[in-house]
Amino acid sequence: TGENFIPEEPQIRPAVRQFFVPGYVKQIFVFIMQYPEMVERMHLREGHKYLTQPGLIAFFLSLYREVEGGRTPNVDRILTGLEDVETVAFLRGLQSLPLVVEPERVQEAFDDAMSRLERGALEAQRARLNREIQAAFSVDPDRCAELSEELSRVRAELNRLNAGEAEGAG
């Protein structure tokens with residue numbers, strides 16, 4: 001009777017992907033959820049290129065198409081159409097958050113968060129390029145030279161951002 005016993009395979013849960021965005025990305029989307037027309041400002045700065053979450057990119061592009069087309073954006077309809085449940089939950093959670101800045105300071109605060117988004121992406125790119133240069137240094141001098149040129153461009157962009165902040169602070 002016990003000889004035909006076959007133990008059940010243990011149920012292995014798939015790894016839960018942690019939905020994480022830096023605080024400045026969260027701040028950007030708090031503004032966008034309250035003021036959907038801010039996507040135009042983000043698009044002008046090409047901020048969507050610095051996003052790393054596919055669901056946030058999809059939401060941004062859908063919302064931008066509506067605003068650019070002159071339509072009144074329907075955020076709930078866009079959220080319903082997104083497939084990434086973590087992104088939808090994240091954005092729905094932001095809908096209920098109050099703004100922590102006065103309405104007259106929204107654009108300034110949004111621009112500040114956009115600068116932090118751009119800087120964060122450039123700093124990550126700089127770190128990646130430094131690692132790739134180290135790996136290519138003795139093996140592939142041509143690739144190393146290409147990466148060094150790209151690193152110079154990234155550093156110049158970071159310097160431009162930092163100079164802009166210094167002007168704004170002065």
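Please read these numbers as outputs of a predicted model, since none were measured by experiment.
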- [ ] List the steps and the verdict of salt bridge (charged side-chain N to carboxylate O under 4.0 Å, His left out) for E146 and R143.
- [x] CA-CA 5 Å; E146 291 170 10; R143 178 71 178 138; 3.3 Å; yes

- [ ] Compare all side-chain heavy atoms of Q125 with those of R153 and state whether any distance is below 4.5 angstrom.
- [x] no

TODO: For the residue pair Q107 and M38, establish whether any side-chain heavy-atom pair is separated by less than 4.5 Å.
DONE: yes

Open item on the list: What's the separation between atom CE in M114 and atom CZ in R41, rounded to the nearest 0.5 Å?
Closed with: 10.0 Å

- [ ] Indicate the atoms forming the closest heavy-atom contact of L161 with S115, along with that distance.
- [x] CD1-O, 4.2 Å

Open item on the list: Measuring from atom CD of Q53 to atom CZ of F29, what distance do you get when rounded to the nearest 0.5 angstrom?
Closed with: 9.5 Å

TODO: Examine distances only and state if a side-chain atom of E157 and a backbone atom of R119 form a donor-acceptor pair shorter than 3.5 Å.
DONE: no

- [ ] Starting from the C-alpha separation in whole Å, work towards a yes-or-no answer on side chain to side chain contact (heavy atoms under 4.5 Å, CB included) for E83 and V88.
- [x] CA-CA 8 Å; E83 294 180 15; V88 172; over 6 Å; no

Task: Nearest heavy atoms of S62 and I78, plus distance in Å - done: CB-CG2, 3.7 Å

Task: I32, V67, V39 screened by side-chain contact (heavy atoms from CB on, under 4.5 Å) with P73, the one that passes - done: V67

TODO: Mind checking the CD-CZ spacing from E108 to R105? Nearest 0.5 Å is all I need.
DONE: 4.0 Å

Task: Greater than 12 external heavy atoms within 6.0 Å of E104's CD - done: yes

Task: Contacts of K49 that satisfy salt bridge (charged side-chain N to carboxylate O under 4.0 Å, His left out) - sequence neighbours left out - done: E46

Open item on the list: Please determine whether residues L129 and F137 belong to a single hydrophobic cluster, defined as Ile, Leu, Val, Met, Phe, Trp and Tyr linked transitively by side-chain heavy-atom distances below 4.5 Å.
Closed with: no

TODO: May I ask you to test the L51-L117 pair for a side-chain heavy-atom distance under 4.5 Å?
DONE: yes

Open item on the list: Within this structure, what is the CZ-OH distance for the pair R116 and Y50, rounded to the nearest 0.5 Å?
Closed with: 15.5 Å

- [ ] Please report the closest heavy-atom contact between A109 and V101, naming both atoms and the distance.
- [x] CB-CG1, 4.1 Å

Open item on the list: So which atom in Y64 and which in H43 form the shortest heavy-atom distance, rounded to 0.1 Å?
Closed with: OH-ND1, 3.2 Å

Task: Test item: R45 side-chain N/O and D111 main-chain N/O as donor-acceptor pair under 3.5 Å - done: yes

Task: Between CG on residue L91 and CD on residue E86, distance to nearest 0.5 Å - done: 12.0 Å

Open item on the list: Any side-chain to backbone donor/acceptor pair from Q34 onto L97? Under 3.5 Å, distance only.
Closed with: yes

Task: Any side-chain heavy-atom pair of L151 and E132 under 4.5 Å - done: no

Open item on the list: Run the salt bridge (charged side-chain N to carboxylate O under 4.0 Å, His left out) test on E150 and R128 for me, step by step, so that the C-alpha distance in whole Å, both residues' side-chain angles and the decisive distance to 0.1 Å come before the verdict.
Closed with: CA-CA 11 Å; E150 189 177 345; R128 177 188 57 80; 3.5 Å; yes

Task: Parallel, tilted or perpendicular: ring planes of H48 versus F60, cut at 30 and 60 degrees - done: parallel

Open item on the list: Has N162 got a side-chain atom pairing as donor or acceptor with L158's backbone, closer than 3.5 angstrom?
Closed with: yes

Task: Heavy-atom side-chain proximity of R155 to L122 below 4.5 angstrom - done: no

TODO: Mind listing the closest non-hydrogen atom pair of C144 and I133 along with its distance?
DONE: SG-CG2, 3.7 Å

TODO: Would you give the length of the straight line joining atom CG of D112 to atom OH of Y24, rounded to the nearest 0.5 angstrom?
DONE: 12.0 Å

Task: Test ring pair (Phe, Tyr, Trp, His ring centres under 6.0 Å) applied to F90 - qualifying residues, sequence neighbours left out - done: F19

Open item on the list: Counting C-beta onward and ignoring hydrogens, is there a side-chain heavy-atom pair between V75 and P36 closer than 4.5 Å?
Closed with: yes

